[in-house]
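All remarks here apply to the structure that follows.
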There are 2 protein chains.
Amino acid sequence: MPTEQQTPAIELPVLAPAAVERADAARNRQRILCAAQRLFAERGVSCTSMEDIAAAAGVGKGTLFRRFGSRSALALAVLSERESAFQEALIRGEPPLGPGAPARERLIAFGHGRLDFIADHAEVLAAAEIGPERFSSPPYEVSRLHVTLLLREADPGCDAEYLAETLLVALGADFYVYLGLARELPMERLKEGWTELVSRVVPG
Amino acid sequence: MPTEQQTPAIELPVLAPAAVERADAARNRQRILCAAQRLFAERGVSCTSMEDIAAAAGVGKGTLFRRFGSRSALALAVLSERESAFQEALIRGEPPLGPGAPARERLIAFGHGRLDFIADHAEVLAAAEIGPERFSSPPYEVSRLHVTLLLREADPGCDAEYLAETLLVALGADFYVYLGLARELPMERLKEGWTELVSRVVPG
DNA sequence: TATCGAACCGGACCGTAGTCCGATTATGTG
DNA sequence: CACATAATCGGACTACGGTCCGGTTCGATA
């Protein structure tokens, strides 16, 4: 899995193991990730147990957990590539998502892009955001830093850390699922709501 | 358990069982709630299993689950009384938490009161907010309605439903624990942040 | 008080996330 | 190529949330 990225986008550790990895271990990790992705797609995340994944990958349960640590971490790893692509678009992509646009425009575009991302991977993402890793995963840290910097740029006097965290919980996968399914708010309304929210929070 | 409240605060179902309850069942529910509250306080929520509670209450596991359905529902029930008291203060208490103050002031006071409430019961509340019940529990519905109405009052043109949900996730227990422990933001700052957030979202 | 049906009880049982450790295998070195 | 060692493997094991169902108890009725 080419998760590697020379010149890491931001000064943050990425999932990929830093140390050298034995050949069989690397091969097993590959097989596990492929099996997980396939089973998640075939029968849904909630109907796929860790044992299922281990069996489909042809490895033992111990191997699975030693490599990924937990179910949520595995889900995160499955999304790693796409998460990196999104991150790339944030940092080196076209405005308004990428650099070049005013902070408020970028914040709005970030939310819209994130909502699209969530919509595409709601199940896996929801599984990845379970437990304490939710707030400490690399993708979350990247988002947090991104939003914090944009807020600070738009309004140096505000409490950017607090406001950033607050805005980010409104982009959580479980929250999206709840709003979409239980409250039946269509995507369009979520995007408009986000725009309204950011417009109010960020002076402009 | 005197969860009863004549003239229910808002048109919403409360936890208390509507139908008559057999005497032994009522006694067992009492014992379960007391045991849960005691064990939660003594050794912490995360170190207390459902079997522990059942054993301490002198009932079987089946009884425990039939009465309360799930671990999170039990945690919710443990907090039921205090939750009702808070709800009471919202609806019939003194301003600015209760009626009489401008919507924006009431929203700010609501957040501050909620933060105090969370700080006092963070562990139990975090356990109660796990799973899909998080967004469909009576206390959440009450909060949602309350915030929605205040938002609509302050600004009839806004998307009050969306904004209400968004503001409420910023008052979640796990979010509070994360901000307080991992990010080390003191309560004072959380309250100031909430004030800032509401001041920006609600025109004044 | 005797009877009866409904509600309740409890503990055996299931599935799953996560742990552990003896057996195995890959890789660097002589 | 043979060896030593350190990392890896895998499946048995634990703990826990949640389910099920045969036996029991309550309480309304006569």
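Just so it is clear, the structure is predicted and the values come from calculations on it, not from any experiment. In what follows, chains are A, B, ... by sequence order, proteins preceding strands, each numbered from 1.
- For DNA chain D, no neighbouring residue in residues 39-48 of chain A is found when judged by any heavy atom under 4.0 Å.
- The shortest side-chain heavy-atom distance between B:T148 and B:R152 falls under the 4.5 Å cut-off.
- Applying the salt bridge (charged side-chain N to carboxylate O under 4.0 Å, His left out) rule to pairs touching residues 63-80 of chain B yields B:E21-B:R67, sequence neighbours excluded.
- Residues satisfying the side-chain contact (heavy atoms from CB on, under 4.5 Å) test with A:E192, not counting sequence neighbours, are A:E188.
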For residues 107-116 of chain B, please give each side-chain donor-acceptor pair under 3.5 Å, one per line with the distance, not counting sequence neighbours.
| unit_1 | atom_1 | unit_2 | atom_2 | d |
| --- | --- | --- | --- | --- |
| B:H112 | NE2 | B:K191 | O | 3.1 |
| B:H112 | NE2 | B:T195 | OG1 | 2.9 |
| B:R114 | NH1 | B:E83 | OE2 | 2.6 |
| B:R114 | NH2 | B:E83 | OE2 | 3.0 |
| B:D116 | OD1 | B:K191 | NZ | 2.9 |
| B:D116 | OD2 | B:K191 | NZ | 3.1 |

Side-chain donor-acceptor pairs under 3.5 Å in residues 121-134 of chain B, sequence neighbours left out?
| unit_1 | atom_1 | unit_2 | atom_2 | d |
| --- | --- | --- | --- | --- |
| B:H121 | ND1 | B:F117 | O | 3.1 |
| B:H121 | NE2 | B:R82 | NH1 | 3.2 |
| B:E123 | OE2 | B:V45 | N | 3.2 |
| B:E129 | OE1 | B:A173 | N | 2.8 |
| B:E133 | OE1 | B:S72 | OG | 3.4 |
| B:E133 | OE2 | B:S70 | OG | 3.3 |

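- One finds a salt bridge joining B:E161 and A:R189 here, because a Lys/Arg side-chain nitrogen approaches an Asp/Glu carboxylate oxygen to under 4.0 Å.
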Sort me out a list of protein N/O and nucleotides 28-30 of chain D N/O pairs below 3.5 Å, or just none if empty.
none

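- Between the CZ atom of A:F65 and the P atom of D:dT8 there is a distance of 18 Å, rounded to whole Å.
- Remark: B:E105 pairs with B:P96, B:A101, B:P102 by the side-chain contact (heavy atoms from CB on, under 4.5 Å) rule, at least two apart or across chains.
- For the side-chain contact (heavy atoms from CB on, under 4.5 Å) test, residues two or more places apart in sequence or in another chain that qualify with B:F175 are A:F135, A:E165, A:T166, A:V169, B:A170, B:Y178, B:L179.
- As rounded to whole Å, 13 Å separates atom P of D:dT8 from atom CZ of A:F68.
- Among residues two or more places apart in sequence or in another chain, the side-chain hydrogen bond (donor to acceptor under 3.5 Å, both in side chains) test is passed with B:D155 by A:R200.
- A:E133 places its CD atom 12 Å from the C1' atom of C:dG18, with the value rounded to the nearest Å.
- Toward the 5′ end of DNA chain D lies the nearest nucleotide of B:S49, the other residue of the pair B:R27 and B:S49 mapping further downstream.
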Side chain to side chain contact (heavy atoms under 4.5 Å, CB included) between B:R144 and B:L168, intermediate numbers included: CA-CA 7 Å; B:R144 181 157 61 77; B:L168 281 181; 3.9 Å; yes

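- Side-chain atoms of B:D52 come within 3.5 Å of backbone atoms of B:S49 as a donor-acceptor pair (strictly under, hydrogens ignored).
- Residues from residues 50-61 of chain A lying near DNA chain C, meaning a heavy-atom separation below 4.0 Å, are A:M50, A:K61 in numerical order.
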Close N/O contacts between protein and nucleotides 3-8 of chain C (under 3.5 Å):
| unit_1 | atom_1 | unit_2 | atom_2 | d |
| --- | --- | --- | --- | --- |
| C:dA7 | N3 | B:R22 | NH1 | 3.0 |

Which is it for A:F65 and A:L74 under the side chain to side chain contact (heavy atoms under 4.5 Å, CB included) test, yes or no, and what are the steps along the way? CA-CA 9 Å; A:F65 275 94; A:L74 172 62; over 6 Å; no

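- Not a single side-chain contact (heavy atoms from CB on, under 4.5 Å) links A:D120 to another residue, sequence neighbours left out.
- Taking atom CZ on A:R71 and atom C1' on C:dT16, their separation rounds to 9 Å, with Å as the unit.
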